[in-house]
Amino acid sequence: MVPVPMSMQTYAVLLIGGLAGWRLAGATLGLYLLAGGAGLPVFAGGAGGPEHLTGPTAGYLLGFLLAAMLVGWLAEKGYTTTTVRSTLTMALGHLLILGLGTAWLAARIGGTAAYENGFQPFLLGGLAKSLLVALTISLWGHLRYREHEKQG
């Protein structure tokens, strides 16, 4: 059984980073973690409570914050201007999330079990979500451009 739930959370986390920049992404994800830690049902499956900030998923949650900020910083530097660069940027964000999550999980259940249960099952989905985030950002850019053209 995988001790970490599968969800679309990383899609949202990296999309926030890609669209909002590192400062706003950091503030947004910081508030998200505070809200979840305070018990609001914002984590996967409607979970909330301080135990999620110290339990098996804590590394992934910290990874959410850091990955959103990293992706936001890279977006500000122009790394989301093409679909290929954006996909690679989002894949880097996913690897940061999975790396921190797996490292935290490894301290609890051992390295091999953490890799098999907390990294490997999420790798293909993370790559697919990286492309999906990149395409969403590209579509958002096209829609904003069209709106600007209508107004100009």
Side-chain angles (χ1 to χ4, degrees), residues 4-50 52-107 114-115 118-152:
V4 179
M6 292 192 186
S7 71
M8 288 295 287
Q9 287 178 301
T10 58
Y11 168 83
V13 164
L14 298 179
L15 184 63
I16 289 167
L19 293 176
W22 78 270
R23 287 176 186 87
L24 185 55
T28 301
L29 270 294
L31 287 173
Y32 164 76
L33 294 175
L34 286 173
L40 293 176
V42 297
F43 298 144
H52 296 282
L53 300 177
T54 59
T57 60
Y60 298 94
L61 294 173
L62 174 61
F64 285 3
L65 173 67
L66 297 178
M69 293 175 70
L70 173 64
V71 165
W73 183 78
L74 290 170
E76 290 175 3
K77 301 293 182 198
Y79 285 89
T80 57
T81 55
T82 69
T83 302
V84 171
R85 285 175 65 148
S86 187
T87 302
L88 292 173
T89 298
M90 301 312 152
L92 183 61
H94 271 106
L95 287 174
L96 178 58
I97 293 167
L98 290 175
L100 287 173
T102 302
W104 179 268
L105 197 56
Y115 174 77
F119 188 89
Q120 189 176 15
F122 300 97
L123 194 54
L124 186 58
L127 293 174
K129 287 184 276 184
S130 293
L131 177 59
L132 186 59
V133 174
L135 292 172
T136 303
I137 289 173
S138 178
L139 177 61
W140 177 255
H142 288 297
L143 291 173
R144 288 184 59 205
Y145 177 78
R146 285 181 53 198
E147 186 62 31
H148 178 71
E149 286 294 308
K150 285 181 185 178
Q151 294 174 359

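Counting begins at 1 with the first residue of the sequence.
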(message) Considering only residues two or more places apart or on different chains, which pairs with a residue in residues 123-132 satisfy side chain to side chain donor-acceptor pair (under 3.5 Å)?
(response)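 Sorted pair list: T10-K129, H94-S130.
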(request) Name all pairs fulfilling the side chain to side chain donor-acceptor pair (under 3.5 Å) condition that reach into residues 28-40, sequence neighbours left out, sorted by first residue then second. (result)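 Sorted pair list: Q9-Y32.
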Which atom pair, heavy atoms only, marks the closest approach of [X] to [Y]?
X: T54; Y: W104; answer: O-CZ2, 3.4 Å
X: A25; Y: A20; answer: N-CB, 4.2 Å
X: A134; Y: T87; answer: CB-OG1, 3.2 Å
X: A91; Y: L127; answer: CB-CD2, 4.3 Å
X: I97; Y: G63; answer: CG1-O, 3.4 Å
X: G93; Y: A67; answer: O-CB, 3.5 Å

To the nearest 0.5 Å, how far apart are [atom1] in [X] and [atom2] in [Y]?
X: E76; Y: R23; atom1: CD; atom2: CZ; value: 6.0 Å
X: L14; Y: L19; atom1: CG; atom2: CG; value: 11.0 Å
X: M90; Y: I137; atom1: CE; atom2: CD1; value: 3.5 Å
X: L131; Y: T83; atom1: CG; atom2: OG1; value: 8.0 Å
X: L61; Y: L29; atom1: CG; atom2: CG; value: 9.5 Å
X: T57; Y: L62; atom1: OG1; atom2: CG; value: 11.5 Å

Partner set under side chain to side chain contact (heavy atoms under 4.5 Å, CB included) for [X], not counting sequence neighbours:
X: A47; result: F43, H52
X: A75; result: T80
X: L74; result: L70, Y79, T89, L92
X: L95; result: F119, L123

(message) Taking G17's backbone N and O only, do any of them form a donor-acceptor pair with W73's side chain (distance below 3.5 Å, no angle check)?
(response)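 Such a contact is absent between W73 side chain and G17 backbone.
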(message) Checking Y60 now: which residues fulfil ring pair (Phe, Tyr, Trp, His ring centres under 6.0 Å) with it, not counting sequence neighbours?
(response)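 Scan of Y60 (ring pair (Phe, Tyr, Trp, His ring centres under 6.0 Å), adjacent residues dropped) gives none.
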(request) Tell me, please, which residues at least two apart from T136 pass side-chain hydrogen bond (donor to acceptor under 3.5 Å, both in side chains). (result)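 So T136 forms a side-chain hydrogen bond (donor to acceptor under 3.5 Å, both in side chains) with Y11.
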